[in-house]
2 protein chains.
Amino acid sequence: MVTIYDIAAKAGVSAMTVSRVINNTGKISDKTRNKVRRVMEELNYVPNHMARSLVLQQSNVLFLLITDITNPFYTTVARGAEDAARKHGYRLLFGNSDESVEKEKDYIDTILATRADGVLVAPTGDLSLPHLETLRRHRVPFVLLDREVPGMDSDVVLGDSKEGARKLVDHLTSCGHRRIALINGSPLISSARLRLEGYREALKLNDIPFDQNYVLETAFEPRSDLSEIESWLDRMSPPPTAIVAGNNVLAVEVIRTLHARGFRVPEQVSVVCFDDLGPYSEIDPFLTVIAQQAYQFGYLGTQMLVDRIQERDVTGLPWKKIVLPADMIVRRSVSTIK
Amino acid sequence: MVTIYDIAAKAGVSAMTVSRVINNTGKISDKTRNKVRRVMEELNYVPNHMARSLVLQQSNVLFLLITDITNPFYTTVARGAEDAARKHGYRLLFGNSDESVEKEKDYIDTILATRADGVLVAPTGDLSLPHLETLRRHRVPFVLLDREVPGMDSDVVLGDSKEGARKLVDHLTSCGHRRIALINGSPLISSARLRLEGYREALKLNDIPFDQNYVLETAFEPRSDLSEIESWLDRMSPPPTAIVAGNNVLAVEVIRTLHARGFRVPEQVSVVCFDDLGPYSEIDPFLTVIAQQAYQFGYLGTQMLVDRIQERDVTGLPWKKIVLPADMIVRRSVSTIK
DNA sequence: TAACTTGGGGTTATCGGTAACATTATTTAA
DNA sequence: TTAAATAATGTTACCGATAACCCCAAGTTA
């Protein structure tokens, strides 16, 4: 690879002069500048970011760690983060923890080792605490996305999960539903907890008793084996007339399971969920959802992160918490009963 | 940040000894090794990959550049690449060119500057040639995904676009369709060209004359303005009874447009396309598609790339080309006519 | 005219690691 | 018993870039 020394030699100047030309610092005569530029072109010089970062002690790289790269919610978050990072002159790299605490740990190590200037993390859940503590200990600024982690104060961008759950349940009751089930993510995930809370509160406000059998707490990510969902569906009696899903993945899997057992949605069972299905929901606008502002999660989160990085020394800045509203999109997956 | 020198000082050894412990090289007494390990734990040492890469002249990083991170085809490619990279001990970083030649150029520069060991590129199209030449000139091994670029020989993983298009058209004709339109990506993209070719060949085999008005060549990526598609639909007379879409994004946009104008799919117009819609297609298995093996694109491509990297010096290895089969999934988006 | 700026550079040290080559005990083989 | 081998560690140079400091000539100023 061509280095500034090669350029310097060929242009008959010192490496420092080449560095000055590249970074537009110091005083350089036009003649020298042009000569150096010409040689750089000629030799196809490409700067070495690693060498640069090593001495500057900063990489101009932000890292976005998401939990499911095949989930349109997170890819849209990524688009937002990417745009914001670009706007502020940072490069953005992605990682995908696949909802696995172990892969998350690997990525945290990688992030530290590559000396990213900051990190956007959608944590896998409460068990991410040690990973976040590691980041904090190494003074790497980070912003949490979508999920909080008890025991760790930080900047965070959340959706209004509780309110969203309430809206979904209210919508269902307003359509006459009383037997409303909930399939949710792990209780180790803050947003899942809030969705359960919102669900319970809304039931209470509608004078519907809470029934633990109507709640399944499982994993947010795609699974190959649907038997857990099947046996849950069998267990509920009388069967629910409507199901609230804690995210889009669960909604899809519930609907698949229902279809496999011959139930029709929404004629026999209504289904609603958090998070839209991406552009493809428009092919046949079917699912009634709480459409979280995924792009804004990424965009605003990155903005907060950049602020935090650039004011690094200003200690004692209070942590910021952005809660994005939960907007419901009513489509066809809910039937009116009675 | 803690460095090996800090460790060395505290453990009372030289930096080199610490380096040996970290890399498990050379001979070290158990006593020293344990002492060093303990100090490393105590100080929360994290190696600096940049410093390491700088001296080793390799980064153990692969880069995957895709053109649309919100397209489930590419995110599934990413999952495959990720798994393969991890298996071979490489870290994988992603970039998203958004089908923009300019962003692609930026990413190529970033990739060179970060000294990735190899690159997987889904090129934006034929105009990517100079970018690929840049990579080649700098001797960065790369593998093309999904699209070839005329003028650049390299390893490549493709889908069988021509055969896929033929299958789609044959399926339509077997359902009685004769007026079959095609909405396709830019002719500057090799896979789009092959899909057009396959479409024309299949028409000919079925004794259907080719009509240029039935073909719209536009962009593969999502758009905000549907007017181009609208005016194309209006232009065709008599209107087609079926439309082949060059990818999933176009299929969705065509269907949206049709819906907006009051056409029903498939009752009035049948639609088929390349690439599945991700897990969400299963919510309501609707679109008949050529489901390309996206995961394999990523997995096999990464494998080829790693081979190429590790046999770097073995010159003259012929370029490899993998063509993955095009399997059709018949669902409900095609009606039988006459 | 001596003293001071200023423009346009060059030198040296450093970032955090590792390869290659010492170095010093301790064994082992002859 | 002594040279040769081996184990365990240290020294030095270098990867590619930049900050901090130094240098010198030409132009200004008092």
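Every chain is numbered from 1 and lettered A, B, ... according to where its sequence line falls, protein lines coming before strand lines.
Under the 4.5 Å side-chain criterion, counting only non-hydrogen atoms from C-beta, L129(A) is in contact with E133(A). Side-chain atoms of V46(A) and R115(B), non-hydrogen and from C-beta on, do get closer than 4.5 Å to each other. Contact check for T32(A) versus R20(A): no side-chain heavy atoms found under the 4.5 Å cut-off.
A salt bridge does not link R91(A) with D106(B): every distance from a Lys NZ or Arg NE/NH1/NH2 to an Asp or Glu carboxylate oxygen is 4.0 Å or more.
Here dG17(C) presents its P atom at 17 Å from CD of Q58(B), a figure rounded to the nearest Å. Remark: P of dG9(C) and CD1 of I7(A) are 17 Å apart, rounded to the nearest angstrom. As a whole-Å value, the separation of H138(A) NE2 from dG16(C) C1' is 15 Å. When rounded to the nearest whole Å, the span between NE2 of H49(B) and C1' of dG17(C) equals 12 Å. With rounding to whole Å, L56(B) atom CG is found 14 Å from dA20(C) atom C1'. To the nearest angstrom, P of dT14(C) lies 15 Å from CG of D6(B). The interatomic distance linking M1(B) (CE) with dG16(C) (C1') rounds to 12 Å, in whole Å.
Among the atoms of the strands shown, none is found under 4.0 Å from any heavy atom of V18(A). Counting non-hydrogen atoms under 4.0 angstrom, V21(A) reaches nothing in the nucleic acid.
Between the side chain of S19(A) and the main chain of A15(A), no donor-acceptor pair closer than 3.5 Å is present. For the pair R79(A) (side chain) and N96(B) (backbone), a donor-acceptor distance under 3.5 Å is absent.
If you walk DNA chain D from 5' to 3' and mark each nucleotide with an atom closer than 4.0 Å to a heavy atom of chain A, the marks span dG16(D) to dC21(D).
Of the listed residues (E104(B), R147(B), M152(B)), just one forms a side chain to side chain contact (heavy atoms under 4.5 Å, CB included) with S128(B), and that residue is E104(B). Just one of R308(A), K320(A), K321(A) meets the side chain to side chain donor-acceptor pair (under 3.5 Å) condition when paired with D155(A); it is R308(A).
Surrounding NZ of K105(B) are at most 12 heavy atoms belonging to other residues, nucleotides or ligands under 6.0 Å away.
OP1 or OP2 of dG10(C) lies within a sub-4.0 Å distance of a side-chain N or O belonging to T17(A). Contact annotation: S19(B) side-chain N/O to dT18(C) OP1/OP2 distance is under 4.0 Å. The side chain of S14(A) contributes an N or O atom lying less than 4.0 Å from OP1 or OP2 of dG10(C).
The 5' end of DNA chain C is approached more closely, in terms of each residue's nearest nucleotide, by G12(A) than by the other of R20(B) and G12(A).
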* **side-chain hydrogen bond (donor to acceptor under 3.5 Å, both in side chains) between Y74(B) and D146(B), worked out** => CA-CA 10 Å; Y74(B) 285 115; D146(B) 191 46; 3.3 Å; yes
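Donor-acceptor pairing under 3.5 Å, judged by distance alone, is absent between the side chain of Y5(B) and the base of dG16(C).
Non-hydrogen atoms lying under 4.0 Å from DNA chain C are contributed by N23(B), all within residues 22-42 of chain B.
At a cut-off of 3.5 Å, with distance as the only test, a side-chain donor of Y295(B) or D83(B) sits close to an acceptor on the other residue. A side-chain donor-acceptor contact under 3.5 Å links T67(A) and E99(A).
Rounded to 10 degrees, the angle separating the terminal axes of the helix from dT1(C)-dA30(D) to dA30(C)-dT1(D) is 50°, with each axis obtained from five end pairs.
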